[in-house]
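Scroll down for the structure; my scribbles are underneath it.
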Amino acid sequence: MTAVSMFAQTPLLTEQIVAPVVSWPAMIPLAVMALGGLLLLTFASLLGRRVGTPFFTWWTVMTGLIAFATAIPLWAQVQGWDRRVLWWNPENTPAGAFSTVGGAFGVDGFSVLLTMLICLAVPVCALVMAGTSERDGERHVEGPALMILSATGAIVMAGANDLIVLFLGLEVLSLAVYVLAAMNLRRVQSQEAGLKYFVLGAFSSAFFLYGIALVYGGTGSTSLVNITNFLAGNLLLGSSSVLVLLGVALMVAGLAFKVAAVPFHSWSPDVYDGAPTSSVAFMASVVKVAAFAGMVRVLVVGFGTFAADWRPVLQILAVLSLVGGALVALVQTNVKRLLAYSSISHAGFILLGVEAANETGNRAVLVYLVVYTFLVIGSFAVVSIVGRSGDAMHSLDSYRGLGRVAPALAGTFTILLLAQAGVPFTSGFYAKFYAVIAAVDTQSAWLAVVAMLSAVIAAYLYLRLVVAMWFVAPGEQTPKPGIRIPATTGVALVLCVAVTLFIGITPGPLTSVVDEAPPAVVQPPAAQGSELPADLLNLLDGGAGQESLTTDPGSLPSTSGGNP
Amino acid sequence: MMYGVLAAQGLSFPILPALVFLPIIGALVIATIPAGRAELHRLVAIATAVLLGALSVWMLVAFDPSVAGQQFVSSTTWVESLDIKFVLGVDGISLFLVVLTGILFPIALFAAKPEHSEKGYYFWLTLLGAGCMGVFLAGDLFLFFLAFELTLVPLYFLIGKWGHGRRVYAANKFFLFTMAGSALMLVCIVALAVLDGAGEGGGITFDLVRIAEGGVLSETAQRVLFLGFVAAFAVKVPVFPFHTWLPDAHTEAPTAGSVDLAGVLLKLGTYGFIRYGLYLFPEASVWAAPALISLGLIGIIYGAVVAAMQRNLKRLVAYSSVSHMGFAVMGIFALNIEGLEGSIMQMINHGIITGALFILLGYLYKRRHTYEISELSGLQKVAPVFAGLFTLFMLASIGVPGLAGFVGEFLVLLGTFLAHRWWAVVAAVGVILAALYMLWAYQRVFHGEPSEANRSFKDIKLAEFLPLVPLIGLVFFIGLYPKPILERIEPSVQLLVEHIEQQVPGFESPGTQDGSELQPVAAGESRGEGGE
């Protein structure tokens, strides 16, 4: 029933099989997504030709929205609201962040907020994808289904409280995205993009996994709770500190690949260019959200005590991404590649938030992710329309005089681009603003200066598009007047622009939500007692009936030194 | 320190929010009217601008000249978690800049029409007004930054879409220069908010008065942050090495864009120097004054020399702006009452005079489709009224006594003389150079026999003359009777100078008010040497 993949370990010290307590309500958003994806595939194969793109889209949108709705009570529980939201009963459930599945899956403000964001991004991406499919006369269920399943992995990553769970989420997410990248069967570039993404992605996953192994060697656990306690209680010297540091470094490399930070970025322009534009919208939004969620979980929450060691690394990554992304983007003539490099530069901004390694930084990450998700989906939605049938017209020349040919489309794109440039009264301004606050707050104002100057460079590349659309006469490659904007893509665009302007004008709601969403090292449920579970007894798959098998973990010998 | 005491008296009508939101509402109305109804767009834009002008004049009338602090203050919380407030207020320093904005915007609309895409043109022009008003009225650093940036996008589109010649290049250059400056300023604003919040233990604050009176910054922090603000303002003014965007932007901008750019937008920089430079960072201002005064001086001379060599009339006026704004910068960093008053007068006068000159050049372009001096000749014979008007504003620009330009330049020179004697002497050369380049250009364009192409040059029409009437009136009024203006500026300026003296130990404003002129001069000069 549960979508979380569990794994079993042979307990070394006891023959007794211990099953973790699972708080099922906390799993519902995840379950809705996983089931939604699987049922969609089932229905599509059972019903065959009788259903088409409209049904797939409707199904995906509903899945995302239902998952979003089921996340609201979790938010209420974490925040300790004293009103009844849906089924949540305040009297019986303790308020505040908690973890479940033996402490492997955390439910805190951070994870719930990002879950909600992912659940909203999926419907919007599905609308964009529907527009492309409808225009090109394609009928495939794989796109929506893979998107839902990939988002399931993303939600797992957002809540992962254990490195292995994080890795599982990462793989679920990635495998689906590899296929999404290769989904356009008519373009050979798409196949190439998929393969490239897959090969390099497998590399990065291997790095990540090896990092986990080394960390396990150094700390004796993969659970972030245990790792934090262990690091807090023990001074690592010599080889074990090398092990942990090396492990952290490898994990950083693996995650930096996913967020496309320079120098782990080389796949992203090719993949963005080759993959179907609607898949790129998903990749650039949900995958980034999940990867940054993982990064915050691992580095800030798990290895916060090592901040002095990994912060310089992230600073280098941030500077390289910011400046490199913006500079290389300047010479691009393909809009998808241009946006790929600009998204590398954006990743640099988000890294500023991670790098800060404190509450302000986490806030910056969240604000940037929320803002950027809608900006990037909207931008690629425009690109998917201008790309026209076959999804191939992506040269800068295709945008010449677009303002004259399709003013509404060009106006939409202009708002989104100005927001990406960080112009006030758009959401992008607050995203950059929070990133700057994070950098200044941690005494690394020089990073903020670098970031803002690279934002000026990046502004030039958005201006190139604006100039092409408004100040130049239409050329040969410009779409003909009356270019059709598919209704579903239109809805997605309106949503993205509305969010962009709403946050830009009244940032209050977003900031107050983000203030309530710090990531936390969430200890296992209080019902388990105040003691931590032993390292090797963590997880086992089990139904609700097996919960009685749980023993008091405090009675077991602990290999980790730290007790709270 | 009394500066921050907000005098919330005056009108029951929320006049300052009205000044900011009226153009935004106007722009939104324009946006909802379908394209193709050009007359309706123009009507809404002009109605908005005229109403804006009327409101600003009403505010001027209601303004209490005896109060030095902020008046008509309105304050609302905007973003609670960051303590960002929507604070608006006006004092003697910003008063006339607001009125100038209110007057120049309708005049620019009356004087020039776009050649195509009317809807966008009026939309951006109206929105620009909101940004300018916001900058002058803001009492919160964050709000100020938003308004400062809000001026960027409208002008970018105005230059890029409705300009002439190399408009795209000019627009991009303008956008990137300005944005680079404000990018640094944003970092500094955040740093200021964070550092100040840390000092008081009350989290982040963007409240201008709280930060300025808090005084928790170390000397180094003050200086570094000050330089960040200087970067933004120096680009906007523009101060000498950062000026290269201005001639391009001015030359290629459409007439209304040039009028607003020269008349109002350049003042955002000098106003910023006063409000966010001197007031927030008094110590750093005293420290950097010799350098900035020198840059102002270089701007005066450099702008004048380059202007003299221009072959394009609009470019000539643009470079004359560099020269005139040099005076404004110099006056500010003389750090005394005379200099600051002169500087504010110079901003007002430059707005009126250069605005008028750009309007006249717009008429000229409409007739001849060129700004090249070599293409024009003998216009005085065929268009005597036009030539007469040009002469009037040219003389005002040169700084002939009795006309507006003189008052500002004289006060600036006086203030500078008290602070840095030799700088003032050199700056006076700039006044002479101004006469040189202006008269020389005038001679080439207006004197002599009209060539074939210029013979059919039509003289100014009544509809073209009317928008200039208020400007003509102001040029004479300010030139002959500046007292009512100066007496409204003075209390605020005096308060500011006192604030600087109080915050900077050992600093005494080199002015006439203390009766001893020689001693401060010497002090000023020794500081000058130390600072460079």
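A, B, ... follow the sequence lines: proteins, then strands. Residue 1 opens every chain.
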Subject >> Non-hydrogen atoms of A/Ala318 and A/Leu352 that approach each other most closely >> reply: CB-CD2, 4.3 Å
Original post:
Can you list the residues that meet the side-chain contact (heavy atoms from CB on, under 4.5 Å) rule with A/Leu320, with sequence neighbours excluded?
Top reply: A/Val262, A/Pro263, A/Ile316
Subject >> Choice from B/Phe148, B/Tyr156, B/Trp78 maximising heavy atom contacts with chain A below 4.5 Å >> reply: B/Tyr156
Subject >> Any residue of residues 395-418 of chain A which, by heavy atoms, sits under 4.5 Å from chain B >> reply: A/Thr414, A/Leu418
Original post:
In terms of heavy-atom proximity below 4.5 Å to chain B, should A/Val449 be classed as side chain, backbone, both, or neither?
Top reply: both
Subject >> Shortest non-hydrogen contact from A/Ala458 toward A/Ala326 >> reply: N-CB, 4.0 Å
**OP:** Rounded to the nearest 0.5 Å, what's the gap from OG1 on B/Thr32 to NZ on B/Lys119? Could you check?
**Re:** 7.5 Å
Original post:
How many angstroms lie between atom CZ of A/Phe425 and atom CG of B/Leu150, to the nearest 0.5 angstrom?
Top reply: 5.0 Å
Original post:
Looking only at heavy atoms, which of residues 176-186 of chain B get nearer than 4.5 Å to chain A?
Top reply: B/Leu176, B/Met179, B/Ala180, B/Ala183, B/Leu184, B/Leu186
**OP:** Please answer whether the main-chain N or O of B/Gly163 pairs with a side-chain N or O of B/Glu252 as donor and acceptor at a distance below 3.5 Å.
**Re:** no
**OP:** Answer yes or no: does atom CZ of B/Phe86 have more than 12 heavy-atom neighbours from other residues, nucleotides or ligands under 6.0 Å?
**Re:** yes
Original post:
What part of A/Asp441 lies closer than 4.5 angstrom to a heavy atom of chain B: side chain, backbone, both or neither?
Top reply: both
Subject >> Part of A/Leu510 lying under 4.5 Å from any heavy atom of chain B >> reply: neither
Original post:
Can you list the residues that meet the ring-ring contact (aromatic ring centres under 6.0 Å, His included) rule with A/Tyr462, with sequence neighbours excluded?
Top reply: none
**OP:** Would you tell me whether B/His41 and B/Tyr121 have side-chain atoms, one donor and one acceptor, within less than 3.5 Å of each other?
**Re:** no
Subject >> chain A interface, residue from B/Cys188, B/Gly120, B/Gly160 that has the most non-hydrogen pairs under 4.5 Å >> reply: B/Gly160
**OP:** Let me see the working for B/Phe145 and A/Phe433 under ring pair (Phe, Tyr, Trp, His ring centres under 6.0 Å), right down to the final yes or no.
**Re:** CA-CA 11 Å; B/Phe145 182 81; A/Phe433 182 65; 8.2 Å; no
**OP:** Please round to the nearest 0.5 Å and tell me the distance separating atom CZ of B/Phe233 and atom OH of B/Tyr271.
**Re:** 9.5 Å
Original post:
Rounded to the nearest 0.5 Å, how far does CD1 of B/Ile159 lie from CG of B/Leu261?
Top reply: 6.0 Å
